[in-house]
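In this text, all values refer to a predicted model and were calculated from it rather than measured experimentally. Whatever order the structure lists ligands and atoms in, that order sets their numbers, starting from 1. Numbers here simply count residues along the sequence, with the first being 1.
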Amino acid sequence: MLLWSKGFEPDKMIEEFTVGQDRELDLRLARYDVEGSLAHITMLESVGLLTADELSTLTAALNDIKSMIERGEFTIEPGVEDVHSQVEFLLTQRLGDVGKKIHSGRSRNDQVLVDLKLFYRDELKKIAKSVEALFECLQRLSEQHKDALMPGYTHLQVAMPSSFGLWFGAYAEALVDDMHMVVAAHKIANQNPLGSAAGYGSSFPLDREMTTRLLGFATPSYNVVAAHMGRGKTERALATAIAAVASTLAHMAMDMCMWMCQNFAFVSFPDELTTGSSIMPHKKNPDVWEIMRGKCNRLQSLPNEVALLTANLPLGYNRDLQLLKDITFPASSTLCECIAMARLMLENVRVRTDIVDDPRYDYLFTVEEVNRLVLQGVPFRDAYRQVGREVMEGTYRPVREVHHTHLGSMGNLANPQIAAKMASVMAEIL
Ligand code: ARG
């Protein structure tokens, strides 16, 4: 039974095509749909559109549906279009006419908007929590391995000494930048669209400040048209945030794949965290990092997908918007899964501490040699030429020592300062 049914049954193929994946995806919106309805009816009673008795009957029935959802017993029946229809269907089935009153002053268009805003708000918090845990793990590893040297590369050529302290710490600080995007997306999601109805408001005296307060939103999306423009724009912000974290993870995954390669052998993992080959008995493959790289690279296409799906849509509701759920719902789960996996791997990483003793890394230390001469009073350009000549003539002998002391360098990682930066971004969302 469709909410908008007016006495004829729509073609089954048309129904399946337009409903798409909504019956499955909307299950994730169910508890938010009920929360939105609870706020809406409380407000309707306060402006005289429901009696106190009707409010308590509807509240009790909605709370029953809420428990049903929590017990995992809520489903969207075949023939019912979406979560909003299913909840209203259950209410009218149980309460008759009172159930039919709930929809005064709203439309499924603002209902889905409010569900999505509440859902995205929670998803972004989940992302923030997992990023925080990954950040802490990286900072711990950075401190633990601050003296373990490794080669730094430019152009993928041996360049200058680096350290595992720097490497782990770098990814921790990169996550701070990503968190700014997560916080921005959360701010955009944290605005109340309820009361915008089909996109142009209502002639009922709806109290939008009240529903904003009841649902814990920071502010209403005031302008009812702007509230509807928020569908698509919110997803774009969410997608950008997800893509930001994903790009950091994809980069980390690439480093790990390369460093697990025997030619580098900078890091290794316990056997049970690696995978084998069906033909080569010696293989310990980095499949986890490869799958993570692939998933996170795909996640980086999200902002584009959202942009293209919503490009040049006319103002107001258009059914294309429904497809945003197909893009964003799996994405935030995939990202959280990848973050958790990165943490599991990092908590078990083994770092080699004698890497730079290998003669192939002799030239890592040429700049150290140049700097030593400079400190003895030789002008930089002359010192550079002198060491360059030694390299060419094969007389250069490395001194495998580094004395980096400036802020952010391997001898002064500034991890507490980076932690303070992360704490202040996290405070905006958690
Ligand atoms: N399933 C729809 C969506 O996600 C709900 C809103 C339907 N509104 C409408 N006018 N068809 O967009």
Checklist line | Location of contacts on L321 toward ligand 1, heavy atoms closer than 4.0 Å | finding: neither
Check: Heavy atom under 4.0 Å from ligand 1: found in N109's side chain, backbone, both, or neither?
Finding: side chain
By number and element, which atoms of ligand 1 are closer than 4.0 Å to a non-hydrogen atom of [X]?
X	answer
D82	1 (N), 5 (C)
R231	3 (C), 4 (O), 12 (O)
V112	4 (O)

Check: Is there a nitrogen or oxygen of R319 sitting under 3.5 Å from a nitrogen or oxygen of ligand 1?
Finding: no
Margin query: Would K325 count as being in polar contact with ligand 1, using the rule that some N or O on each side must be under 3.5 angstrom apart?
Written below: yes
Next item on the list: Give a yes or no on whether the ring-centroid distance for W289 and W259 is below 6.0 angstrom.
Entry: no
Check: So, does T75 use its side chain to make a donor-acceptor pair with the main chain of E77 at under 3.5 Å?
Finding: no
Item checked: E143 and K146: CA distance, side-chain angles, deciding distance, salt bridge (Lys or Arg N to Asp or Glu O under 4.0 Å) verdict -> CA-CA 5 Å; E143 284 299 315; K146 63 171 179 254; 3.3 Å; yes
Notebook entry, point to check: Is it true that D122 and K125 make a salt bridge, defined as a side-chain N closer than 4.0 Å to a carboxylate O?
Noted result: no
Check: Do E54 and K101 pass the salt bridge (Lys or Arg N to Asp or Glu O under 4.0 Å) test, and can you show the C-alpha distance, the side-chain angles, and the key distance before you say yes or no?
Finding: CA-CA 9 Å; E54 287 169 338; K101 288 195 167 184; 2.6 Å; yes
Item checked: Full working for salt bridge (Lys or Arg N to Asp or Glu O under 4.0 Å) between K66 and E35 -> CA-CA 8 Å; K66 202 168 164 185; E35 270 174 42; 5.3 Å; no
